[in-house]
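Structure record follows, encoded as structure tokens.
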Amino acid sequence: MEAWRLIDLGLVEPLVAQAFYEAVAEALHRGLVGNTLILLQPASPYVCVGYHQDLEREIDLDYCQKKGLPVIRRSQGGGATYLDSNQVFYQIVARDSPVVPRNIDEMFRRLLMVTVETYRRLGVDASFKPINDVVVGDRKISGNGAGLHESVSILVGNIILDLDYDAMASVLRVPDEKFRDKIAKSMKDWVTSLRRELGYAPSAEEVKRIYRSTFQEILGLKLLRSEPTIIEWRIFQEEVKPRHTSKEWLYMESPKAGEGRAVKIAGDVKVAEIDYKAKKLIRVRAEIKGNKILSINIRGDFFAVPKEAVGRLEELLIGLELEREPVSNAVERFYRDSGAQIIGVEPIDLSNAVLKLKEYL
Amino acid sequence: MVKIDGNEFPEDLFYHREHMWARVEDGRVRVGYNDWAQSAAGKLLKINTRRVGSMVQEGKTLGTIESGKWVGPLKAPVTGKIIEINEEVLKRPSLINEDPYGRGWVAVIEPSDLENELKKLIKGSDKTTLENWLRKEKEIHKV
């Protein structure tokens with residue numbers, strides 16, 4: 001039976017919580033340690049941005065500074081997130097193990113069965129949703145990312161005890177408070193936690209105990225309790241920490257942003273906004289699931305006669321696929337049925353404005 | 001065009017074993033991500049690259065790509081100076097999925113040791129070597 005190290009770091013500072021596994025991965029790549037499962041909780045809250053995100057564009061840095069929230073860029077992808085001690089992290093770092101497929105899709109499928117089963121044993125009916133989500137019904141209940149460090153495969157994720165939706169939305173940089181409210185509402189619709197599903201939050205110790213035993217059973221491994229080695233702490237202090245605290249890393253240059261943004265909420269749900277310049281500016285905000293419009297809001301410096309006419313168009317667009325034919329048909333129907341006039345905006349402009357959301361999804 | 005299990009490999013290109021392709025154009029090398037690699041990665045959501053003017057080393061990181069919360073490297077197929085980056089791909093990385101050998105190119109490199117480094121790459125016309133290499137890659141990645 002294959003034996004792995006189990007390192008339970010307990011409550012640790014944000015940077016250790018977020019990046020210590022990279023030191024483990026480097027030590028493993030050098031052949032200095034064995035395959036490892038790390039469990040931990042952040043001791044204090046922090047904001048985490050995805051590898052490719054534009055920090056200044058995505059995060060309200062003033063708010064974070066006022067609240068004393070560290071901001072950390074992770075080496076995995078995905079969107080910005082607020083993390084605190086209400087999440088138990090698992091970080092899986094492995095090389096040359098038959099248990100961990102090198103193929104990313106299969107790695108998620110295999111390793112997230114542990115997460116699914118852990119939730120089930122805690123009394124929540126969770127299931128795996130490809131590529132990398134664990135859901136209860138339609139709601140996401142675990143965030144996961146994966147990557148490769150040289151010869152080492154890495155998967156990191158969390159078991160969510162409780163969520164502070166308002167804090168999650170508060171750290172994001174948004175054009176106005178209405179957009180922030182929309183994000184918070186969408187998060188409540190699509191992301192959940194143990195407290196919400198069970199009515200109480202199990203202790204982190206119970207979660208970790210169940211995760212450990214499930215990990216061993218499902219993967220057919222034995223976990224041996226271990227402590228990080230001196231070499232791993234040295235790699236963390238000398239390589240990982242300087243990288244993560246450098247301005248080059250934190251403010252990593254990213255491609256020029258266009259006239260829009262999207263905030264990933266969970267799975268395939270996003271809240272997006274674009275500006276479209278016709279003779280007048282059209283601003284479109286929408287909540288999109290996959291390719292379907294869940295809700296939409298159209299504003300701008302045009303004016304409509306009658307003034308509430310645009311609301312009718314918004315209603316017609318809800319539920320449609322974000323594709324040219326259904327969107328154009330809805331716009332045509334809007335003009336035909338309502339007899340409305342929108343000064344400075346042509347029907348094609350409205351269709352194009354709505355469809356421009358696709359560029360940011 | 002060499003077709004292997006549904007993925008395309010133009011014969012006039014060279015292929016680096018880390019999944020970048022290379023096309024020699026008037027002493028410069030245009031590079032991108034090959035068709036099998038883009039299909040294995042899934043829809044590419046984000047990309048980041050070194051800047052124009054940077055020196056890149058064969059086999060070392062030219063950039064990173066992200067799909068479905070997986071971040072992976074783009075390795076330079078040849079050593080040299082980056083003289084062009086595809087701005088269109090920076091804005092829309094899924095172009096690599098749509099047209100990996102055309103509009104989805106990533107960078108142009110002014111090579112410093114072209115003749116020797118091309119010998120390390122797989123020629124697109126060498127179907128046998130391509131197939132053998134790809135078979136091993138698929139075994140490793142279980143695709």
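Since this is a predicted model, take the numbers as computed values, not measurements. Below, chains carry the letters A, B, ... as their sequence lines are ordered, and counting in each starts from 1. Scope of the values below: all heavy atoms of this structure, side chains included, with no hydrogens, waters or symmetry mates.
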Item to complete: Against chain A, label T49(B) side chain, backbone, both or neither, depending on which of its atoms sit under 4.5 Å from a heavy atom there.
Response: neither
Practice prompt. Please examine the side chains of I47(B) and H52(A), heavy atoms only from C-beta on, and report whether any two atoms are closer than 4.5 Å.
Written response: no
Worksheet item: More than 12 heavy atoms of other residues, nucleotides or ligands under 6.0 Å from CZ of R173(A): is that the case?
Response: no
Practice prompt. Check whether more than 12 heavy atoms from other residues, nucleotides or ligands sit under 6.0 Å from atom NZ of K292(A), and answer yes or no.
Written response: no
Fill in: Sub-4.5 Å side-chain heavy-atom contact between W70(B) and L148(A)
yes
Discussion item. Does K358(A) have more than 12 heavy atoms from other residues, nucleotides or ligands lying within 6.0 Å of its NZ?
Written reply: yes
Discussion item. Atom CZ of residue position R28(B) - does it have more than 12 heavy atoms of other residues, nucleotides or ligands inside 6.0 Å?
Written reply: no
Worksheet entry | Neighbour count above 12 (heavy atom, 6.0 Å) for E25(B) CD | yes
Worksheet item: chain A heavy atoms under 4.5 Å from I85(B): which part of the residue, side chain, backbone, both or neither?
Response: neither
Fill in: CG on L361(A) to NZ on K43(B), rounded to 0.5 Å
7.5 Å
Worksheet item: Do other residues, nucleotides or ligands put more than 12 heavy atoms under 6.0 Å from the NZ atom of K123(B)?
Response: no
Discussion item. Within the structure provided, determine whether E359(A) and K91(B) are in side-chain contact (heavy-atom separation under 4.5 Å).
Written reply: no
Worksheet item: Does any N or O in the side chain of E66(B) come within less than 3.5 Å of the main-chain N or O of G78(A), such that one atom is a donor and the other an acceptor?
Response: yes
Worksheet item: Roughly how far apart are K264(A) NZ and L45(B) CG, rounded to 0.5 Å?
Response: 7.5 Å
